[in-house]
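Scroll down for the structure; my scribbles are underneath it.
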Amino acid sequence: MARAIGEAPGKILLLGEHAVVYGHPAIAIPLRSIRARVELEFTRNGGIEVVAPDIGERGTSQGDAPERVRPLVRLAQSVLDFFSEPHRGMRIQINSTIPIGRGMGSGAAVAVAVVRSVCQGLGRHLDADQVAELALEAEKVFHGSPSGVDNMVVARDEPIYFVSGRPARSIAVGPSVFRFVVADTGLASATREVVDQVKAGRDRDRARFDSFFWELGSMASVAREVIRSGSAEELGLCMNRAQQVLQALDVSCPELDKLVYVALENGAVGAKLSGGGRGGAMIALLGGNSDESQLVARLRLAGAESIFTTVLSRHQE
Ligand code: PMV
């Protein structure tokens, strides 16, 4: 039979990381220049085989799957179960250009793409929120108890305002154009470990940590209004305040702080870490007249491993 295809973009968290784990809002946007793509073929041998040539991983449902691939084997099975379809052989090939462990949604995009490929192979349809829900099961293995924001934004493929356990809201963009530069520190970071350490901090000093989360969530709520009707400078203020709070939470690191500093010195009106932190990516927002190529060049000189750009505007498709 013809191959079934599933795809999903990368993502970046604009505001609300960590706070979203405790019920506060977050804003996430897709990064469409990087993607996960899954090709699925039904086979006759009955088992499920997952191959990820980019990272040299392979595993099957016979119990030999390495840790990174095992949840995807289970995820493919769970899509069959969701539709009460009999188990059948599948070969699932994963290719992805999303850097791994940098808070750019690699795990979520692969999981969403797997769900979509199985749906297409079965000739079934799920809406984006249902896809995100199924993919979340696989993410739990990587993240522990993820808020669900990553799966939702890559499944929706649009900027979202997200509160865990509630339907995500699309964000209406007003007259301003918001130009972002995302720079990868090159340091892989385990979100699950950072989230666990933040939780341990909260267990020791709940009032202080809850006030951090409250402020991070407030920045996300204010930012939603700014995106609707405000300016890049106002959104930049929200990002800068969030970075201060994230530093107080101790989830930044010298490499992220350096990229934030370089961004603010070279035309950004806001800059902060994005995602779990302690490595991973920095997101900067350009001021109205700032030169994107100059900022990109400076970030490269400052050690950024890879750089991506994205725009939030009323007119994006
Ligand atoms: O996957 P990352 O590194 O972008 O982190 C997700 C954001 C957190 O709030 C830190 C965790 C979560 O589950 O929302």
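Scope of the values below: all heavy atoms of this structure, side chains included, with no hydrogens, waters or symmetry mates. For ligands, and for the atoms within them, numbers begin at 1 and follow the listed sequence.
- For atom 2 (P) of ligand 1, the nearest non-hydrogen atom from the set Thr191, Val198, Leu136 comes from Thr191.
- For ligand 1, the atoms lying closer than 4.0 Å to a non-hydrogen atom of Val20 are 9 (O), 14 (O).
- Between Glu292 and Val181 the shortest side-chain heavy-atom distance falls below 4.5 Å.
- The N/O atoms of Gly275, backbone and side chain alike, include none that comes under 3.5 Å of an N/O atom in ligand 1.
- Every atom of ligand 1 is numbered from 1 in the order shown, and the set under 4.0 Å from a heavy atom of Asp150 is 1 (O), 2 (P), 4 (O), 6 (C).
- Heavy-atom contacts of Val21 reach the following atoms of ligand 1: 9 (O), 11 (C), 12 (C), 13 (O), 14 (O) (cutoff under 4.0 Å).
- Each of the atoms 8 (C), 9 (O), 10 (C) of ligand 1 lies under 4.0 Å from some heavy atom of His18.
- Neither the backbone nor the side chain of Val194 has any atom closer than 4.0 Å to an atom of ligand 1 (non-hydrogen atoms only).
- Inter-residue side-chain proximity for Val182 and Met104 is flagged as met; some heavy-atom pair is nearer than 4.5 Å.
- The main-chain N or O of Ala168 is found under 3.5 Å from a side-chain atom of Arg156 such that the two form a donor-acceptor pair.
- Ring geometry for Tyr22 versus Phe213: interplanar angle under 30°, hence parallel rather than tilted (30 to 60°).
- Near Gly103, with a cut-off below 4.0 Å to any heavy atom, the atoms of ligand 1 are 2 (P), 3 (O), 4 (O).
- Between the side chain of Asn95 and the backbone N or O of Ala36 there is no donor-acceptor pair closer than 3.5 Å.
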| query | Between Lys11 and Ile29, does a side-chain contact (heavy atoms from CB on, under 4.5 Å) hold up when you go through it step by step? | reply | CA-CA 6 Å; Lys11 74 102 211 326; Ile29 50 184; over 6 Å; no

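- Below 30°, between 30° and 60°, or above 60°: for Phe180 and Phe178 the angle between ring planes is below 30°, a parallel geometry.
- Short contacts between ligand 1 and Pro146, defined as distances under 4.0 Å to a heavy atom of the residue, involve ligand atoms 13 (O).
- Of all the atoms in ligand 1, the ones that sit under 4.0 Å from a non-hydrogen atom of Ser147 are 12 (C), 13 (O), 14 (O).
- With a 6.0 Å radius and a threshold of 12 heavy atoms from other residues, nucleotides or ligands, Tyr261 has its OH atom at or below the threshold.
- Of the listed options Glu17, His24, Lys11, Arg278, Lys11 places a heavy atom closest to atom 4 (O) of ligand 1.
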